[in-house]
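Note that this is a predicted model, so its numbers are computed, not measured. Quick note: numbers below take in every heavy atom, side chains included, and nothing from hydrogens, waters or symmetry partners.
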Amino acid sequence: MKRFLVSACLAGVPCRHDGRANLVEAVAEMVARGEAVAICPEVAGGLPVPRVEAEVQGGSGDAILQGRARVVGADGRDLTESFLAGAHAALRLARAFGATAAVLKARSPSCGSGAIYDGTFSRKLVPGDGVAAALLKRAGLEVMSDEEFSP
């Protein structure tokens, strides 16, 4: 049986920056069956719910991991360390659970896979991954967004 790490908001946990969830029934059912484990990397990194909206500036998750970019809140505060801590917490949980794949929230600065917002808070997308998605991919997990996932 394939085991998954999933974004907690997709499992129905109200942990988005605005305090809401992005429930995907199939993801919640996987968690309930024990096929998936849920985490919000941003909360795991110490950020509150609700919290200021954040975007990656200067690149993508890979650039964050290389120290060449940062995650910034809409209020201008540098949140990079919290995002890195959350990404590493997600990787530790994935390894402990034996996950080989991840279903993560599209476009998130933590969980986005393939496209994230460009850092200008204008809702413009650019190619790239969020911080946790990039770290999970580096570790060899198959990472897909909730929009790509098909149960």
* Without swapping roles, check the side chain of E55 against the backbone of V71 for a donor-acceptor pair under 3.5 Å. => no
* Check the pair L136, L91 against side chain to side chain contact (heavy atoms under 4.5 Å, CB included), reporting the backbone distance first and the verdict last. => CA-CA 6 Å; L136 294 169; L91 179 56; 4.0 Å; yes
* To do: Any chance you could measure L79, atom CG, to R70, atom CZ, to the nearest 0.5 Å?
  => 9.5 Å
* To do: Identify the residue among K2, R3, K137 that makes a salt bridge (charged side-chain N to carboxylate O under 4.0 Å, His left out) with E142.
  => K2
* Quick one: CZ on R107 to OH on Y117, what's the gap to the nearest 0.5 Å? -> 4.5 Å
* Asked: Got a second to check how far L5's CG is from R92's CZ, nearest 0.5 Å?
  -> 12.0 Å
* Test item: D129 side-chain N/O and G61 main-chain N/O as donor-acceptor pair under 3.5 Å -> no
* Considering all heavy atoms, the nearest C9-C15 contact -> N-SG, 3.5 Å
* F149/M30 under side chain to side chain contact (heavy atoms under 4.5 Å, CB included): CA gap, chis, key distance, verdict -> CA-CA 12 Å; F149 175 65; M30 287 170 39; 3.3 Å; yes
* K105 and S7: which non-hydrogen atoms are nearest, and at how many Å? -> N-OG, 3.0 Å
* Asked: Which residue pairs pass the side-chain hydrogen bond (donor to acceptor under 3.5 Å, both in side chains) test when at least one of the two sits in residues 79-90, sequence neighbours left out?
  -> D78-T80
* SB check R138 D62 (cutoff 4.0 Å) -> yes
* **L47 with L10, same ILVMFWY side-chain cluster at under 4.5 Å** => no
* **Same apolar cluster (I L V M F W Y, side chains within < 4.5 Å links), V49/V13** => no
* Asked: Side chains of S108 and I116: closer than 4.5 Å at any heavy-atom pair?
  -> no
* Asked: If you take all heavy atoms of C111 and L104, which pair is closest and at what distance?
  -> O-CB, 3.2 Å
* Asked: What closest approach, in Å, do F97 and F4 show between heavy atoms, and which atom pair accounts for it?
  -> CE2-O, 3.6 Å
Please list every donor-acceptor pair under 3.5 Å in which a side-chain atom of residues 34-43 meets a protein atom from a residue at least two apart or in another chain.
unit_1	atom_1	unit_2	atom_2	d
E35	OE1	R33	NE	3.4
E35	OE1	R33	NH2	2.9
E35	OE2	R33	NE	2.8
E42	OE1	R51	NE	2.8
E42	OE1	R51	NH2	3.0
E42	OE2	S110	OG	3.1

* Asked: Is the shortest heavy-atom distance from the side chain of L125 to the side chain of D118 under 4.5 Å?
  -> no
* **Joint hydrophobic cluster, L65 plus L141, side-chain heavy atoms closer than 4.5 Å** => yes
* Are any non-hydrogen side-chain atoms of P109 and F83 less than 4.5 angstrom apart? -> yes
* Asked: For L84 and V131, what are the C-alpha separation, side-chain angles and deciding distance, and is it a side chain to side chain contact (heavy atoms under 4.5 Å, CB included)?
  -> CA-CA 7 Å; L84 283 167; V131 182; 4.0 Å; yes
* **Smallest separation among heavy atoms of A11 and V27, with atom names** => N-CG1, 4.1 Å
* Structure fact -> Taking every heavy atom of A44 against every heavy atom of A89, the minimum-distance pair comes out as CB-CB, 3.9 Å
